[in-house]
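Only one structure is covered here, and it is reproduced in the block below.
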Amino acid sequence: QQHKFWETQPVGQFKDAGDSSLSEGPIEQPTPLSEVKQEPYNLPDLYEWTICDIGSDEVCNEVYLLLMNNYVEDDDNLFRFNYSKEFLRWGLRPPGYFQSWHIGVRVKASKKLVAFITGIPVKMRVCDEVVQMAEVNFLCVHKKLRSKRLAPVLIKEVTRRIHLENIWQAAYTAGVLLPTPVATCQYWHRTLNPKKLIDIGFSRLGDRMTMSRAIKLYRLPASKATPGLRKMELRDVPSVTGLLQNYLSRFVVAPTFEEAEVEHWLLPQENVVDSYVVESPETHEITDFFSFYTLPSSILNNPNYSNLKAAYSFYNVSTKTPLIQLMQDALIVAKQKEFDVFNALDVMDNDPLLKDLKFGRGDGQLYYYLYNYRLREAMKPSELGLVLL
Ligand SMILES: COc1cccc(CC(=N)NC(=O)c2cccnc2OC2CCNCC2)c1
């Protein structure tokens, strides 16, 4: 009963674990577009499908409020992701996006938005082949409609609309174990504002740690260490694209970024994404960059604070500056911008840095999944070159 739905889907099944006779690659072959179900899946009577135009301030606000009140919480239900409207417009409208993949469910009578799921297109390299995929995200059902089995219908409907665009694979993440992870990643947090994190219960003071000791422990230099470090600009897109393509080619699974995607995903946008490049003072070439996105969380039931300002490590490439120095500068920038915490997954080359930069292990895992694509064995996080929003 536990994975009733996922046992019906073309994903690695737990019962297949270790069966090396199964080939790597697509699990099901594409079906002719004429055979893809042409009409939407049935919803329970009171509800109707809607396409969410994230470009409309009114609709974007409805999506914002649905997620703010009903999206993912941490395991202790202390925090809930609070994606901003400008973040949603950024995250859901990359080059080549399909508005029909921004799917909502409304109550027919009241038109209230009560569920949501999205897809965006991505060219993913898996092993040595580039596969056109979708990244599925923001699956959200209103708290009052849980256990009505709406999530499987939302997943089938976004899958159907992705199939209609002749795309047969997808990538997604979850904090819960489903059949079957292609990577199991650990998340880590670097305290920037110890007093607030302790007050809100995000962090705990260690046994022999006083508040003043904690403040001292997490203190960062006032200024950045790397000469030539500056905000990324449009003129840097070609160099950053070259650095990123080279770097990501090292991983088993990673997105391919053309210049148009680098421009969309990495050009700084206030309160959405920050990117810094290192321009060599001598040669003026771009040798390194780091980036992080802004994803606040609502603090549930705290008398003094309502919002946790969190930065999430995105893509970082170092070719001249030591990665640890580059990431320390990222922490300094985040602190200067008054972030409370800097989060990172142990993907790519992050793991060796985390302890030295005083990250603490988070209390959960983030599982990565592929839809309709089997990997013979799961990746180590260090083999994964993909960060989802
Ligand atoms: C601090 O506020 C939270 C509010 C809701 C959930 C969590 C715990 C959690 N589930 N964290 C992550 O999934 C996470 C931790 C580190 C880096 N990226 C992450 O998730 C990203 C990527 C997947 N989609 C959500 C954002 C924390």
Side-chain angles (χ1 to χ4, degrees), residues 87 90-91 94-95 122-125 188 190 192 220-221 223-251 253-295 310-337 339 342-354 356-357 359 381-389:
F87 187 107
W90 171 68
V122 62
K123 277 196 184 57
M124 199 79 77
R125 188 181 46 70
W188 292 73
R190 207 292 183 181
L192 300 177
L220 285 160
S223 51
K224 304 181 278 284
T226 308
L229 184 70
R230 61 169 171 79
K231 271 183 171 298
M232 180 181 173
E233 298 167 20
L234 185 59
R235 63 192 168 104
D236 303 315
V237 165
S239 316
V240 168
T241 304
L243 284 175
L244 190 52
Q245 284 176 343
N246 272 334
Y247 179 67
L248 291 179
S249 66
R250 291 177 28 200
F251 301 103
V253 169
T256 61
F257 282 94
E258 299 303 325
E259 289 191 6
E261 276 109 4
V262 168
E263 180 175 340
H264 177 81
W265 290 118
L266 293 177
L267 263 193
Q269 287 192 40
E270 193 172 352
N271 289 328
V272 172
V273 58
D274 285 273
S275 303
Y276 281 72
V277 298
V278 178
E279 175 181 339
S280 159
E282 295 82 36
T283 68
H284 297 291
E285 65 167 332
I286 304 297
T287 55
D288 320 88
F289 77 90
F290 66 76
S291 59
F292 55 82
Y293 61 77
T294 299
L295 169 50
Y312 285 73
S313 181
F314 201 28
Y315 291 97
N316 311 298
V317 179
S318 86
T319 64
K320 290 281 181 310
T321 307
L323 186 57
I324 193 154
Q325 179 184 320
L326 193 69
M327 293 312 290
Q328 164 123 349
D329 279 348
L331 295 174
I332 292 167
V333 166
K335 175 70 180 172
Q336 288 172 340
K337 288 169 174 281
F339 283 89
F342 190 101
N343 295 319
L345 295 163
D346 57 355
V347 296
M348 296 181 272
D349 295 319
N350 291 348
D351 186 64
L353 311 173
L354 297 164
D356 295 340
L357 288 173
F359 280 75
S382 57
E383 294 173 312
L384 179 55
L386 176 64
V387 175
L388 296 192
L389 304 180

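All residue numbers refer to positions in the sequence shown, counting from 1.
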(request) Give a yes or no on whether the backbone of L229 and the side-chain of T226 come within a donor-acceptor separation of less than 3.5 Å. (result) no
(request) Look only at the side chain of T256 and the backbone of K123, and say whether a donor-acceptor pair between them is shorter than 3.5 Å. (result) yes
(message) Considering only residues two or more places apart or on different chains, which pairs with a residue in residues 274-285 satisfy salt bridge (Lys or Arg N to Asp or Glu O under 4.0 Å)?
(response) R230-E279, K231-D274, D274-K337
(request) First locate atom CD of Q328, then atom CZ of F290, and finally report the distance between them rounded to the nearest 0.5 Å. (result) 11.0 Å
(request) Any chance you could lay out the side chain to side chain contact (heavy atoms under 4.5 Å, CB included) test for L220 and L192, step after step, and finish with the verdict? (result) CA-CA 8 Å; L220 285 160; L192 300 177; 3.7 Å; yes
(message) Is any side-chain heavy atom of E383 closer than 4.5 Å to one of F251?
(response) no
(request) Could you tell me the separation between the OG atom of S275 and the CD atom of E233, rounded to the nearest 0.5 Å? (result) 12.0 Å
(message) List the residues meeting ring pair (Phe, Tyr, Trp, His ring centres under 6.0 Å) with Y293, not counting sequence neighbours, and say none if there are none.
(response) F87, Y312, F314
(request) To the nearest 0.5 angstrom, please state how far the CH2 atom of W188 sits from the CG atom of L345. (result) 12.0 Å
(request) Please identify each residue that fulfils side chain to side chain contact (heavy atoms under 4.5 Å, CB included) with Q245, with sequence neighbours left out. (result) T241, E258
(request) Would you sort out whether V273 and F292 count as a side chain to side chain contact (heavy atoms under 4.5 Å, CB included), showing the intermediate values? (result) CA-CA 6 Å; V273 58; F292 55 82; over 6 Å; no
(request) List for me each residue that meets side chain to side chain contact (heavy atoms under 4.5 Å, CB included) alongside P255, sequence neighbours excluded, and say none if there are none. (result) V122, M124, L248, F257, Y315, L386
(request) Output all residues satisfying side chain to side chain donor-acceptor pair (under 3.5 Å) with E259, sequence neighbours left out; order by chain, then residue number. (result) none
(request) Could you list the residues that satisfy side chain to side chain donor-acceptor pair (under 3.5 Å) with S223, not counting sequence neighbours? (result) none
(message) List the residues meeting salt bridge (charged side-chain N to carboxylate O under 4.0 Å, His left out) with D329, not counting sequence neighbours, and say none if there are none.
(response) none
(request) Could you grab the distance from atom CG of L331 to atom CD of Q336, nearest 0.5 Å is fine? (result) 11.0 Å
Tell me which donor-acceptor pairs under 3.5 Å the side chains of residues 316-323 have, and how far apart each pair is, sequence neighbours excluded?
from: N316; atom 1: OD1; to: S291; atom 2: N; distance (Å): 3.1
from: N316; atom 1: ND2; to: S313; atom 2: OG; distance (Å): 3.0
from: S318; atom 1: OG; to: T321; atom 2: O; distance (Å): 3.3
from: T319; atom 1: OG1; to: T287; atom 2: O; distance (Å): 2.3
from: T321; atom 1: OG1; to: D288; atom 2: OD1; distance (Å): 2.8

(request) Only counting residues at least two apart or in another chain, list the ones meeting ring pair (Phe, Tyr, Trp, His ring centres under 6.0 Å) with F289. (result) none
(request) Start with the C-alpha gap between T294 and F339, add the side-chain angles, then the distance that decides, and say whether side chain to side chain contact (heavy atoms under 4.5 Å, CB included) holds. (result) CA-CA 9 Å; T294 299; F339 283 89; 3.3 Å; yes
(request) Please answer whether the main-chain N or O of M348 pairs with a side-chain N or O of R250 as donor and acceptor at a distance below 3.5 Å. (result) no
(request) Show your reasoning for whether side chain to side chain contact (heavy atoms under 4.5 Å, CB included) applies to F342 and K335. (result) CA-CA 9 Å; F342 190 101; K335 175 70 180 172; over 6 Å; no
(message) Quick check: closest heavy atoms across G91 and L389, and the distance to 0.1 Å?
(response) CA-CD1, 3.4 Å
(message) Nearest 0.5 angstrom please: L326 CG to K224 NZ, how far?
(response) 12.0 Å
When the side chains of residues 262-271 are checked against the rest of the protein, which donor-acceptor pairs come out under 3.5 Å, sequence neighbours left out?
from: H264; atom 1: NE2; to: W90; atom 2: O; distance (Å): 2.7

(message) Holding to side chain to side chain donor-acceptor pair (under 3.5 Å), I want the full list of residues that pass it with Y247, two or more places apart in sequence or in another chain.
(response) D349
